[in-house]
Structures are given as C-alpha cells and as structure tokens.
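Below is one structure, written out as structure tokens; comments come after it.
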Amino acid sequence: MNAAGVEWLSMSDTSEHEITAVPSDGQVETGVGARPHPVLDIPVEEDNFTRSHGIDWAVFGVTAVIAVGFLVWGFVSTDTLATASSSALAWVMDKTGWLFVLTSTGFVVFVLYLALGPYGTIPLGRDDEAPEFNGVSWVAMMFSAGMGIGLMFFGVAEPLSHFASPPPGTGPEGSPEAVQTAMATTLFHWTLHPWAIYAVVGLSIAYGVYRKGRLQLISSAFEPLLGARANGAWGKVIDMLAIFATLFGSAASLGLGALQIRSGLQIVGGIGETGNTILVIIIAVLTAAFVLSAVSGIARGIQWLSNINMVLALTLAMFVFVVGPTVFILNLLPTALGSYFADLSAMSARTGAEGAAVDTWLQSWTIFYWAWWVSWTPFVGMFIARISRGRTIRQFVAGVLLVPSVVSLVWFAVFGGAAINVQQGGTDLAGEGGVEEQLFTLLEQFPIATVASVIVMILVAIFFVSGADAASIVMGSLSQRGTIRPTRGTVIFWGVATGAVAAVMLLVGGADALTGLQTITIIAALPFLLVMVGMAVALLKDLRRDPKVVRRVYAAEAVNSAVISGVTQHGDDFVISIEKDPNRDGPSGTPKPH
C-alpha cells in the first residue's frame with residue numbers, strides 16, 4: 001500500500017503494554033532501577049554458570065552421608081536391605097503404580113504440545129544463537145547417554161521375552177499375534193515415552209540456563225513457582241532428590257552392563273559359571289575407566305566415546321541384518337510400527353487394576369522402565385540440555401523424541417526380529433540362560449560369532465563409561481551449585497559411589513541380580529517423579545512470559561489497531577511506521593509535563 005500519510009501507534013493506546021525506545025543494552029529506566037524490557041531476550045552471563053561456585057555442603061553433605069550409609073547397610077547386612085526393599089516396592093506398586101502410568105503419557109502430550117504449539121520457535125539461548133554441537137555429534141552423545149546399555153541388554157531379550165511369554169491378556173505365546181504384541185510392547189517401552197520423560201527435564205534446564213541465565217540446577221527450574229525459595233531450603237531438597245535419582249538410576253544401568261559383560265566372558269572367554277564376585281570386579285574396573293573419562297571433560301571424553309560407539313553399534317546392527325533373516329526384519333519394520341500405534345492407547349492405560357498377574361508383569365516391565373527413565377532424567381536431561389544450546393524447542397523435541405525413537409525401532413526390529421525368527425525356527429533362545437545371555441546366544445547362530453560377541457562387550461563397556469561419566473559430572477554439578485565444570489574430587493566421589501551402589505543393588509537381588517536392580521530403581525524414582533511434574537508446570541509458566549511470546553502479543557495488538565486506524569483514516573492507501581511518541585520524552589518514554 002502507498003501511504004498518503006503515516007500512522008504510529010503507542011501500545012498504551014490499546015493494551016496494558018507500552019512500546020518505548022530502549023538503550024542498546026536492552027535496559028529500560030524505571031523509578032526503581034534498570035530492568036530488562038519484556039520483549040528483549042536477556043544477555044546470559046557466561047561466567048554465572050561456568051565458574052566454580054564451591055561445594056554446597058548442605059546438598060553434598062546430606063546426600064553423601066545417606067549414600068555411604070546405604071552402602072554400609074548393603075555390604076554389612078544385605079539380607080535386611082533386600083527385605084526392606086521388597087516391602088517398600090510392594091507399597092510403591094500398590095499405592096503409586098497408577099502415577100507412573102499416568103504421568104509418563106502426560107509427558108508425551110506435554111512435550112508434543114510445546115513443540116507443535118506457539119512455543120516451538122523459542123530458542124534455548126539468545127535469539128540469534130547457533131547450536132553448539134553439529135547434528136551428528138548431538139544425536140550420538142544424546143543417544144549414548146540416554147539408553148546405550150539398555151539397548152544392548154534388552155535388544156534381544158525384551159522382544160524375545162514378550163514373544164515367548166506375552167503380557168497377560170494379550171493372546172497365546174508363539175502365535176503370529178504374539179510377534180505383533182512383542183514388538184508393540186517393546187517399542188512402547190523404548191520410543192516416545194522414555195524420551196518425552198527426558199525432554200521435560202532437558203527443556204526445563206536448557207531454557208533456564210541458556211535463555212534465562214540461571215544456574216544449572218534442577219531447583220533453578222522452580223523459580224517461576226517458588227521464587228527466591230528455589231535458592232533456599234526447598235531448592236536444596238529438590239537437588240538432593242535429583243542426586244539420589246541419578247545415583248540409583250545410573251547404578252542400575254551399570255549393573256545391567258556388568259551382568260552382560262559377565263555373560264560374555266562366560267561364553268566367549270570360557271570361564272564357566274561365576275558368582276557375584278566377578279560382577280564386583282567388572283564394576284570396579286569400569287568405574288575406574290569412566291571416572292578417568294569424566295574428569296577429562298565432555299569434548300575429549302564423552303563426545304569421543306559416543307562417536308566411537310555409534311560406529312560400532314551401526315556395524316553390529318548391519319552385521320546381524322545382513323547375515324540374519326533380512327527379509328523377515330524388513331517385513332517386521334512396518335508391522336512393528338503399525339502394531340505400536342494400534343495398541344498404544346491400551347498399553348498406555350494398563351494398570352494393576354486388571355489383576356494380580358498384570359500387576360506383577362508391570363512391576364517387571366512397564367513400571368520398572370518408567371521408574372528407570374525417571375531416575376535417569378536428572379543426568380540425561382541435564383546432559384542433553386548441556387549439548388542442546390542454541391536449538392529451538394521444536395528442534396530439541398524433534399531431535400530428542402523422534403530420532404532416538406526411529407533408531408530404537410530399527411534396533412529392535414533387527415535384533416528382536418532375528419531372535420524371534422530363530423525362536424520360530426525351533427531353537428529355544430528364550431529358555432537358554434538368563435536374559436543377559438540371549439544376545440550372545442543369538443550371535444552364536446551366525447558366522448564369526450566370537451568376533452561379534454567381543455564387539456558387544458566393547459560396546460557395553462563404552463556405553464557403561466559414556467553414560468556413567470555423564471552421570472558423575474551431573475551429580476558433581478548439583479553438588480557445586482550448578483557449575484558445569486565441577487571439581488575432579490567431587491566427580492570422582494560420585495563416580496566411585498555410583499559403582500559401589502551398583503554392586504550393592506546386584507547383591508540385594510542375590511541369585512536373581514536383575515530383581516535387585518529393578519526393585520531399588522522403582523523406589524528411588526518415585527520422589528523425583530513428583531519433582532518432574534512441578535518442573536513441567538514451572539516451564540509452562542516461564543514460556544508464557546518469554547520475550548518471543550510477549551513480542552507476538554505486542555505485534556498482534558499493535559498491527560491490529562494500526563490497520564484499523566489506517567483504514568479508517570486513509571482507506572487502503574497507508575503504511576505502518578514506527579516513530580517516537582511526540583507526547584513522550586527521554587529514553588524512558590516518560591510523559592512530557594503538561
């Protein structure tokens with residue numbers, strides 16, 4: 001439109017907001033001092049979260065004492081700890097199983113809303129900030145820290161278990177329908193739900209640190225709800241719960257890795273049946289390795305290991321795909337995906353109300369998984385926040401939710417599909433040894449099984465190291481008021497504690513070491529599940545006041561009123577321009593005296 005005149009609109013004419021001229025540093029003068037204008041993103045003081053803030057002795061001291069007490073109890077009186085854990089698990093499952101089921105699906109809906117709704121374009125950083133890591137390294141580090149050991153442990157075991165023994169009420173074992181149920185159930189546990197759980201914490205931390213300039217603490221995400229109390233006693237309690245969840249969740253993963261490495265040594269190394277002593281030795285060796293990796297820092301440690309593991313994992317998957325039942329695996333991909341979406345609502349609603357058999361099954365599978373993912377969220381969430389600076393919320397959710405889900409689909413189709421095909425052919429993989437042995441048993445059906453099995457053990461070891469060093473760094477950060485560079489001593493303490501807790505959890509399970517891991521993980525995750533609900537509420541409150549959101553409100557109201565004014569006075573022949581209000585004076589926009 002060609003203007004016959006120029007119209008300018010002050011927001012004070014149309015709303016409670018007001019457009020004013022501001023200095024180049026984004027500060028607006030007020031009667032009580034300078035403040036950031038709500039439409040401008042806040043410059044982040046890098047030194048605020050990169051410098052060392054010293055140890056928070058309240059957080060570190062309390063958590064360290066309780067962790068050491070747990071270790072003493074576990075090593076001195078394993079039987080009484082096992083009894084107490086079983087009683088606590090029964091209470092958690094009876095009273096709060098529904099909470100795990102409900103919130104896990106709620107988190108999926110929540111992060112999809114953030115990505116697809118009006119907040120999707122908000123960056124996790126300044127408006128013009130570019131991502132810190134390239135896409136390949138970003139996905140590799142995220143995936144390795146998020147569920148590396150779990151994929152190795154359950155890649156064969158879970159689809160095969162559900163095929164040979166389907167979830168209660170889903171049909172007979174070994175039938176064609178059992179294949180669909182097995183794959184749908186596995187994908188339910190490993191795709192959208194776990195990564196949505198991670199995304200809630202990751203988004204909250206990344207937004208607070210890189211957009212708002214807060215400390216890298218779980219408690220800092222509660223500032224929209226608690227205000228100054230987030231930095232006081234309540235905040236310390238929240239950070240303590242985050243450390244406990246991280247400690248037990250990462251220890252559970254280390255326990256799974258130790259179980260699988262022991263099986264590999266028994267099968268490949270021919271050392272025969274071994275007891276829990278070898279598990280403790282494996283954990284001790286790998287704990288030393290991940291502590292060394294952790295103190296080397298993200299760039300030299302975790303990123304390097306993650307990239308190596310991505311190549312090795314791809315090589316192993318391609319090997320099984322090529323030498324295994326290739327056509328069956330290709331057919332299984334669309335079948336698994338279709339079955340997953342067809343059964344998603346029923347799987348999401350399954351609770352102990354369906355009977356004792358379902359309740360027991362949930363304890364071993366779905367609730368264990370949700371608790372495991374929740375217990376991993378402090379360190380995985382903070383870790384993916386650390387590597388996601390500069391990405392928008394939509395990019396973050398797409399990368400965190402969809403890319404690992406697609407990889408999991410392919411991974412379980414390859415390894416689970418190959419195992420199911422062998423089982424259908426008459427070789428009873430499900431009945432041979434424990435679940436930690438089934439991947440090695442599957443590889444024995446193919447050429448160069450020994451080489452492939454050695455690669456598996458290397459993969460598990462590196463996943464062990466890359467996941468655990470991320471966890472120890474995060475616990476160190478939480479112990480030192482959110483610094484992203486915790487001191488070596490703090491990192492080493494939490495690294496050693498994680499390894500020791502993993503050993504105790506295995507010993508609590510006795511002959512069935514996996515049970516001990518599952519029991520204590522579920523118990524430790526419950527308090528932090530409530531923290532996550534609060535984080536989601538706080539994040540939504542934060543986003544509603546984000547500069548980009550406020551900007552859209554300003555723009556919509558200004559343009560709407562300007563168009564009405566322009567058409568009223570000039571018809572179609574006008575343009576919209578921005579000028580200083582002649583009735584206002586100075587950079588503060590204060591009214592001129594009349």
Side-chain angles (χ1 to χ4, degrees), residues 79 81-107 147 149-150 153-154 157-171 173 181-182 184-190 193-194 197 244-245 248-253 255-256 259 343 346-377 430 434-436 438 501-502 504-530 532:
D79 292 340
L81 177 57
T83 301
S85 299
S86 297
S87 299
L89 177 65
W91 185 91
V92 169
M93 290 297 299
D94 182 52
K95 304 298 183 183
T96 65
W98 62 272
L99 183 62
F100 283 98
V101 173
L102 189 62
T103 53
S104 61
T105 300
F107 291 144
M147 51 180 57
I149 285 180
F153 191 90
F154 289 106
E158 182 163 2
L160 186 61
S161 296
H162 297 325
F163 173 71
S165 181
T170 60
E173 63 184 51
T181 299
T185 305
T186 301
L187 294 183
F188 176 59
H189 292 150
W190 289 88
H193 279 70
I197 292 172
F244 285 129
F248 288 99
S250 55
S253 299
L256 293 179
L259 287 172
D343 296 346
M347 292 186 295
S348 299
R350 186 181 289 145
T351 68
E354 298 178 32
V358 173
D359 192 54
T360 301
W361 184 88
L362 288 171
Q363 177 179 317
S364 299
W365 292 103
T366 302
I367 303 252
F368 162 67
Y369 274 128
W370 296 167
W372 193 17
W373 305 139
V374 166
S375 67
W376 268 40
T377 51
V435 294
E436 65 270 18
Q438 290 172 352
V501 169
V504 168
M505 292 169 73
L506 289 170
L507 294 174
V508 165
D512 186 5
L514 183 59
T515 300
L517 297 178
Q518 293 173 324
T519 298
I520 298 179
T521 299
I522 293 172
I523 296 168
L526 177 60
F528 196 75
L529 180 63
L530 302 177
M532 287 189 62

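No hydrogens, no waters, no symmetry mates; every other heavy atom, side chains included, goes into these values. No experiment lies behind these values; they were computed from the predicted model shown.
- Looking at residues two or more places apart in sequence or on another chain, you find a side-chain hydrogen bond (donor to acceptor under 3.5 Å, both in side chains) between S104 and W370.
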Go through the steps for V374 and M532 under the test side chain to side chain contact (heavy atoms under 4.5 Å, CB included), then give the verdict.
CA-CA 8 Å; V374 166; M532 287 189 62; 4.1 Å; yes

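- In this structure, I367 CD1 and L99 CG are separated by 9.0 Å, a value rounded to the nearest 0.5 Å.
- Remark: T366 engages H189 in a side-chain hydrogen bond (donor to acceptor under 3.5 Å, both in side chains) (not counting sequence neighbours).
- Contact record, M93 with L362: CE-C, 4.4 Å, taken as the closest heavy-atom pair.
- Taking the centre and axis of the six-membered ring of W361, the NZ or CZ atom of R350 falls inside the cone set by 45° and 6.0 Å.
- T185 places a side-chain heavy atom less than 4.5 Å from the side chain of M347.
- Pairing each heavy atom of F100 with each of I522, the nearest pair is CZ-O, 4.1 Å.
- Residues G249 and S375 approach most closely at CA-OG, 3.1 Å, considering heavy atoms.
- Between W376 and W372, the ring planes lie perpendicular to each other; the angle is over 60°, past the 30° to 60° tilted range.
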Give the C-alpha distance, both sets of side-chain angles, the deciding distance and a yes or no for ring pair (Phe, Tyr, Trp, His ring centres under 6.0 Å) between Y369 and F154.
CA-CA 11 Å; Y369 274 128; F154 289 106; 5.5 Å; yes

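- Residue pairs meeting the side chain to side chain donor-acceptor pair (under 3.5 Å) criterion with at least one partner in residues 82-100, sequence neighbours excluded, do not occur; the list is empty.
- Scanning all heavy atoms of the two residues, the minimum distance from F188 to P194 falls at O-CD, 4.3 Å.
- For the pair L89/Q363, a side-chain contact is recorded, criterion being any heavy-atom separation below 4.5 Å from C-beta on.
- Residue F107 comes nearest to L529 through the heavy atom pair CE1-CD1, 4.2 Å, listed as atom of the first residue, atom of the second, then distance.
- With contacts defined as side-chain heavy-atom distances shorter than 4.5 Å, the pair L259/V435 does not qualify.
- With contacts defined as side-chain heavy-atom distances shorter than 4.5 Å, the pair L102/T351 does not qualify.
- Taking both residues in full, the closest heavy atoms of P168 and A357 are given as CG-O, 3.8 Å, listed atom of the first, atom of the second, then distance.
- Here NE2 of H193 is found 9.5 Å from OG1 of T103. Values are rounded to the nearest 0.5 Å.
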